Amino acid sequence: MPATIIMGGQWGDEGKGKLTDALAGQSHLVVRANGGSNAGHTVVTSAGTFKLHLVPSGILNPECVSVVGPGVVVDPPSLVRELVALQARGITIDQLLISERAHVVMPYHPVLDALEETHRESGEIGTTRRGNGPAYSDKVARRGVRIADLRKPDRLDKIVREAVAEHNELLTRFYGAQPLDPDQVVSDLELAAQFLRPFIGDAEARVQEMLIAGKRALIECAQGPMLDVDFGTYPYVTSSSSSAAGACQGAGIAPVHVDRVIGVYKAYSTRVGAGPMPTELHDETGELIRQRGREYGTSTGRPRRTGWFDGVAARHVARWNGVTEVAVTLTDVLDVFEEIQVARAYRLDGEETTAVPSLVDDYFRVEPVYETVPGWQQDVTGARTRSDLPENALGYLRTLETFLGAPVTMAGVGPGREQLVPLTADAAILGGSIAR
Ligand code: GDP
Ligand code: IMO
Ligand code: MG
């Protein structure tokens, strides 16, 4: 019956996809909880690289039920393209289930996303322009289209025409933009719906039945808590909750079932889009990290901003989410450094603080106060057990634990499935499988 949450610890792209895939072998179901096609979760196996956006990262595990949860916003044609591409690579999608309660990213949402960005007085947030923000806005404003509305052609036709008419008013009157053709929108969505209908169902009921039957669930979050709409660097955030509490809500799994909250943190920091990032490096060290970590967005291809590990933000995230254990990924990227910096505090108006400012103007002004940790200057990509890791690498992970307040139980040493080192005896039995 227990459920495990796999959530990011920073600004997204921490390796949640890789970890979800690695633990899916020990789980009966994986439920994606939030976000939409703004997410890009990478899994690298012997069959190649898989970049998943809406499909849960358990999909490469054929026996695992993969659920697109109620908290996700789904762009149906994008989901169809993703599924068809997976099928073309020999991946079975029979175990996919799409929640009827999930909301639909309509074709006007990406248009509005781009318009909102260019009209924002304070400048761009740097969204992925996938329409996530406008889709979540419509959901909260109670004018969203839900997956359940796509189940029958009649209903789809009626609901979609009403929604397009309403949004065309906004597009033309407020933004002076072109209206969308309702016939085209209906026919594109109907085409996607025809493919998706067999997978649409009461996912929440199925998940509850599985939990009651003692099955194990993984909840896969998208984004990272520093992008969370409530606790992140607002307004430079995404429009959903990428937290542990949000994971339960978005997956339709009660908190009482959760006995493990795995925070996935990179060994350094990255961020895509605008917003504060105190440890960002604008020099050759930042560029070296970008090149070694191949830090380019999985969804948009944008270069990611890079910097040292931010212990202040990391502690904030770990405490508020009740992180019980940590996977530190991309440890191998730091292999070449003689010394590594970790921000142990911020300096704001001349004062040292370990508080995370709630006012974004203050957050932009903080400067990191670093502590220096010796590097290991050794290739760790071949490490498979704790004893393969150099003492200084283990020392670095211990330093991170002092900020995280939770044990680091796994270390990523490369993008491959097998490049995840269990650090404790009771850490995940990677690649293991369970009775189904
Ligand atoms: P997600 O959004 O959290 O699933 O992460 P992304 O897939 O967007 O970005 C993580 C990137 O790092 C991907 O390119 C992964 O293949 C890669 N990756 C994951 N873990 C490791 C690791 O331990 N070492 C290295 N070098 N790459 C990793
Ligand atoms: P995964 O799940 C990194 C960022 C965008 C932008 C902000 C708002 O792969 O970790 P949005 O399109 O959501 O309205 O953009 O959030 N962002 C991500 N950054 N990884 C992601 O997802 C992200 N999803 C959104 O770059 O700064
Ligand atoms: Mg990503």
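Remember, it's 1-based here, ligands and their atoms both numbered in the order they're listed. Values in this document were obtained by computation on a predicted structure and should not be read as measured data.
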### Summary
Candidates I6, L330, D335, V421; heavy atom nearest atom 27 (N) of ligand 1 found on L330

### Selection from V264, N38, L227 by shortest heavy-atom distance to atom 18 (C) of ligand 2
L227

Location of contacts on [X] toward ligand 2, heavy atoms closer than 4.0 Å:
X    : value
Y236 : neither
R130 : neither
R271 : neither

Region of [X] engaging ligand 1 - heavy atom pairs below 4.0 Å:
X    : answer
H41  : both
V413 : backbone
D332 : side chain
Q223 : neither

### Task
Say whether, by atom type as modelled, one donor and one acceptor occur between the side chain of E295 and the main chain of T306 under 3.5 angstrom.
no

### Query
Looking only at atom types and distance, does a side-chain atom of R32 sit under 3.5 Å from a main-chain N or O of G36, one as donor and one as acceptor?
yes

Any idea which atoms of ligand 2 are less than 4.0 Å away from a heavy-atom of [X]?
X    : answer
H41  : 1 (P), 2 (O), 9 (O)
K16  : 1 (P), 2 (O), 10 (O)
V272 : 5 (C), 6 (C), 26 (O), 27 (O)
W11  : 3 (C), 19 (N)
A39  : 1 (P), 2 (O), 9 (O), 22 (O)
G273 : 27 (O)
A222 : 2 (O)

### Number of protein N, O or S atoms [distance to the Mg ion (ligand 3) under 2.8 Å]
2

For [atom], grab the closest protein heavy atom and report residue, atom and distance to one decimal in Å.
atom                    : answer
atom 5 (C) of ligand 2  : G126 O, 3.6 Å
atom 13 (O) of ligand 2 : T238 OG1, 2.6 Å
atom 19 (C) of ligand 1 : K18 CD, 3.8 Å
atom 2 (O) of ligand 1  : G40 O, 2.8 Å
atom 14 (O) of ligand 1 : T42 OG1, 3.9 Å
atom 7 (C) of ligand 2  : V237 O, 4.0 Å
atom 15 (O) of ligand 2 : T127 CA, 3.3 Å
atom 22 (C) of ligand 1 : G414 O, 3.1 Å
atom 11 (C) of ligand 1 : R304 NH1, 4.4 Å
atom 12 (O) of ligand 2 : T128 OG1, 2.6 Å
atom 23 (C) of ligand 2 : Q223 CG, 3.6 Å
atom 20 (N) of ligand 2 : D13 OD1, 3.0 Å

Between [Y] and [X], is the closest basic N to carboxylate O distance under 4.0 Å?
X    : Y    : value
E280 : R305 : yes
R304 : D13  : yes
R417 : D21  : yes
R146 : E100 : no
R290 : E287 : yes

When you look at [atom1] of [X], are more than 12 heavy atoms from neighbouring residues, nucleotides or ligands closer to it than 6.0 Å?
X    : atom1 : value
R365 : CZ    : yes
Q249 : CD    : no
Y234 : OH    : no
R319 : CZ    : no
Y296 : OH    : yes

### Message
Quick check on the 6.0 Å ring-centre criterion: do Y265 and F403 meet it?
### Response
no

### Query
Between Y346 and Y363, does the ring centre distance come in under 6.0 Å?
yes

### Query
Hey, what's the ring geometry for H119 with Y175, parallel, tilted or perpendicular (30° and 60° as the breaks)?
perpendicular

### Message
Both conditions, 6.0 Å and 45 degrees, for the charged tip of R89 above the ring of F50: are they met here?
### Response
yes

### Task
Could you walk me through whether Y268 and Q10 pass the side chain to side chain donor-acceptor pair (under 3.5 Å) test, one step at a time?
CA-CA 10 Å; Y268 48 93; Q10 296 150 316; over 6 Å; no

### Query
Between F337 and Y396, does a ring-ring contact (aromatic ring centres under 6.0 Å, His included) hold up when you go through it step by step?
CA-CA 12 Å; F337 294 103; Y396 180 66; over 10 Å; no

